[in-house]
Protein chains: 2
Amino acid sequence: MTVKGMEPRISDYTVRRLSIYYRILEEIERNGIEVVSSAALAEYAGTNSAQIRKDLSYFGNFGKRGRGYRVSVLKSEIKSILGLQRKWKVVLAGAGNLGHALNSYKDFARHGFEIVAIFDSDPGKIGGTWDGVAIHDIRDCQMIIERTGAELAILAIPGPSAQGAFESLRAGGIRAFLNFAPRKIEIDPQVHLRNVDITIELEGLTYALHSSRT
Amino acid sequence: MTVKGMEPRISDYTVRRLSIYYRILEEIERNGIEVVSSAALAEYAGTNSAQIRKDLSYFGNFGKRGRGYRVSVLKSEIKSILGLQRKWKVVLAGAGNLGHALNSYKDFARHGFEIVAIFDSDPGKIGGTWDGVAIHDIRDCQMIIERTGAELAILAIPGPSAQGAFESLRAGGIRAFLNFAPRKIEIDPQVHLRNVDITIELEGLTYALHSSRT
DNA sequence: CGCTGTGAATGTATTCACAGCG
DNA sequence: CGCTGTGAATACATTCACAGCG
């Protein structure tokens, strides 16, 4: 909670690790552990204690010297840093196989994410429902976004449609996108975008196998 | 092709970008472009020309000064660097929704990846077939891996089963894993692992929205 | 004492800037 | 000339190491 004078920009690396720490804290709290040191947390997270203390120090002083961190306190601090104290509504673009898998992904709800609408352009799918979530024409997205109050979008569509879907959703006011399409999306500076490209990850693995083999 | 005396270790960042360059080269070649400069490629890739020249310089001298890079040459060099000159066989652990989506993901085949077997532990699924790919008991994976010659595995299973599935597949000889389960997998040094955690990506977005003005 | 919080040191990735070849 | 290839410079991320508080 301590607000520092001139905070540095927080890197994605740090933010990603905070999510990991958060997961661990949830788990060890379930196991009844009440206090944890940076060294113990580092052990679980697969990093080192200095990394953890440094990451946390960007946001405040959450520990007690000589003691460690109170799990409940640190967990709720990180929850608040990540903006997870409230629920987030998500729209899903793409009623294909990947969209279907994501729509039924149980972990979203557990982490406070709710898929409130699905968009597609296929008339055969529009009007349908998956697990109680309606599939709408992407051309109506502006209205639906407004009505539902969604703030995040997941793009789970083929590459060629990705930019167009992005632009529709952007026009509807969405500013944060998780893109599964294997395409570079051109964004404006107000937009936050993360890409997940499965083929690129696999190619990272083939590179490793190929180059380490003598 | 020039082999240097003492190569530095290539970072994942560089390898990831090589995949991106490769994609772009495929596309511009389809568009009939035969020569490309690092500046032009950087424009497509959303980076800068020095980054591209540096990335490529770790592997050889593929360009011509004053001219640029011949698209066909650079493409095939990167293909070879990434180990994509041959096909790779992949097994999929997890016959759930995500597994189903991945099994029908068309881009895999386009990029030389073939899913040759699916593993699960649910007797209701074992014995079935998806798009001609058989679903086997994970306890039989060692035999199936040997028979198919698979070298990569995708873990598309719930968190609690991930470590166990990893160990079965590892015992079967797989050394490269793409893990979608939201769990840290404990690996041995011979193993290459990449993680894709959808919730962590979404939390990166909520952090950005939450912190960039509330 | 034990462990946090943090400046300083180190390690790594990116970008600059220019020599040198086509 | 134009653009590559690359050492040097810079920016950034991680780790060290220890002062200082509980």
Side-chain angles (χ1 to χ4, degrees), chain A residues 1-21 25 28 33-71 73-75 77-78 81 204 207, chain B residues 1-21 25 28 33-71 73-75 77-78 81 204 207:
Chain A
M1 281 296 288
T2 309
V3 178
K4 312 294 205 49
M6 197 52 205
E7 300 278 347
R9 280 288 179 303
I10 306 304
S11 79
D12 273 3
Y13 302 103
T14 290
V15 176
R16 223 178 219 101
R17 283 189 299 263
L18 289 178
S19 284
I20 293 170
Y21 305 157
L25 291 166
I28 67 180
I33 295 171
E34 296 191 346
V35 173
V36 69
S37 67
S38 59
L41 198 49
E43 170 77 13
Y44 291 113
T47 180
N48 65 64
S49 63
Q51 180 78 82
I52 288 181
R53 294 197 303 276
K54 178 67 82 178
D55 285 339
L56 296 175
S57 76
Y58 296 132
F59 299 97
N61 298 2
F62 307 130
K64 295 217 194 319
R65 291 170 197 249
R67 273 280 175 200
Y69 303 85
R70 181 151 280 274
V71 172
V73 170
L74 187 55
K75 181 170 141 272
E77 290 288 355
I78 295 178
I81 291 164
Y207 169 78
Chain B
M1 281 296 291
T2 309
V3 178
K4 310 295 202 48
M6 198 52 207
E7 300 280 347
R9 279 293 181 301
I10 306 304
S11 78
D12 274 1
Y13 303 102
T14 290
V15 175
R16 219 176 223 105
R17 282 190 300 264
L18 289 178
S19 284
I20 292 170
Y21 306 157
L25 292 166
I28 68 180
I33 294 171
E34 296 191 347
V35 174
V36 69
S37 67
S38 59
L41 199 49
E43 171 77 12
Y44 291 114
T47 180
N48 64 65
S49 62
Q51 179 79 82
I52 288 182
R53 295 197 302 279
K54 178 68 80 178
D55 284 340
L56 296 174
S57 76
Y58 297 131
F59 300 97
N61 298 2
F62 307 130
K64 293 212 194 324
R65 290 169 197 251
R67 274 278 176 202
Y69 302 85
R70 180 151 280 276
V71 172
V73 170
L74 187 55
K75 183 170 138 275
E77 290 288 356
I78 294 177
I81 291 164
Y207 169 78

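The shown structure was predicted, so the numbers you read here are calculated from the model rather than taken from an experiment. We name chains A, B, ... by the order of the sequence lines, and we start the count at 1 in each one.
Under the salt bridge (Lys or Arg N to Asp or Glu O under 4.0 Å) criterion, A:Arg53 pairs with no residue, sequence neighbours left out. Every residue two or more places apart in sequence or in another chain that forms a side chain to side chain contact (heavy atoms under 4.5 Å, CB included) with A:Ser19 is listed here: A:Leu82, B:Ile200, B:Glu203. A:Lys54 is linked by a side chain to side chain contact (heavy atoms under 4.5 Å, CB included) to A:Ser57, A:Tyr58, counting only residues two or more places apart in sequence or in another chain. Scored by the side chain to side chain contact (heavy atoms under 4.5 Å, CB included) test, A:Val35 finds A:Arg70 as partners (sequence neighbours excluded). Shown here are the salt bridge (Lys or Arg N to Asp or Glu O under 4.0 Å) partners of B:Arg17, two or more places apart in sequence or in another chain: B:Asp55. In this structure, B:Tyr44 has no side-chain hydrogen bond (donor to acceptor under 3.5 Å, both in side chains) partners at least two apart in sequence or on a different chain. Here A:Ala45 pairs with A:Ile20, A:Tyr21, A:Ile24, A:Thr47 under the side chain to side chain contact (heavy atoms under 4.5 Å, CB included) rule; sequence neighbours left out.
For the strand DNA chain C, secondary-structure stems (runs of at least three Watson-Crick or G-U pairs, all distances below 3.5 Å) span C:1-22 with D:1-22.
Remark: C1' of D:dT4 and CD of B:Glu77 are 15 Å apart, rounded to the nearest angstrom. Taking atom CZ on B:Arg67 and atom C1' on D:dC3, their separation rounds to 11 Å, with Å as the unit. Regarding A:Arg53, its CZ atom lies at a distance of 10 Å from the C1' atom of D:dT15, rounded to whole Å. In this structure, the CG atom of B:Asn61 is 15 Å from the P atom of C:dG20, given to the nearest Å. In this structure, the CZ atom of B:Arg65 is 12 Å from the P atom of C:dA19, given to the nearest Å. Atom pair A:Ile52:CD1 and C:dT6:P shows a separation of 16 Å (rounding to whole Å applied). One interatomic measurement links the two molecules: CG of A:Leu74 to P of C:dT4, which rounds to 10 Å at whole-angstrom precision. Atom NZ in B:Lys64 sits about 14 Å away from atom C1' in D:dG5, given to the nearest Å.
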What nitrogen or oxygen pairs link the protein and nucleotides 7-13 of chain C at under 3.5 Å?
{"residue": "C:dG7", "atom": "N7", "partner": "A:Lys54", "partner atom": "NZ", "Å": "3.4"}

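Put simply, the side chain of B:Leu41 reaches to within 4.5 Å of the side chain of B:Leu25, judged on heavy atoms. For the pair B:Leu56/B:Leu74, a side-chain contact is recorded, criterion being any heavy-atom separation below 4.5 Å from C-beta on.
Along DNA chain D, the nucleotide nearest A:Asp55 and the nucleotide nearest B:Ser49 are compared for position; the residue whose nucleotide lies closer to the 5' end is B:Ser49.
A heavy atom lying under 4.0 Å from DNA chain C marks the following residues of residues 33-48 of chain A, by number: A:Ser37, A:Ser38.
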Using side-chain contact (heavy atoms from CB on, under 4.5 Å), reason through A:Ile10 and B:Tyr207 one step at a time and then give a plain yes or no. CA-CA 10 Å; A:Ile10 306 304; B:Tyr207 169 78; 3.3 Å; yes
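Contact annotation: B:Tyr69 side-chain N/O to D:dG5 OP1/OP2 distance is under 4.0 Å.
Remark: A:Asn61 CG to A:Glu77 CD distance equals 10.0 Å, nearest 0.5 Å.
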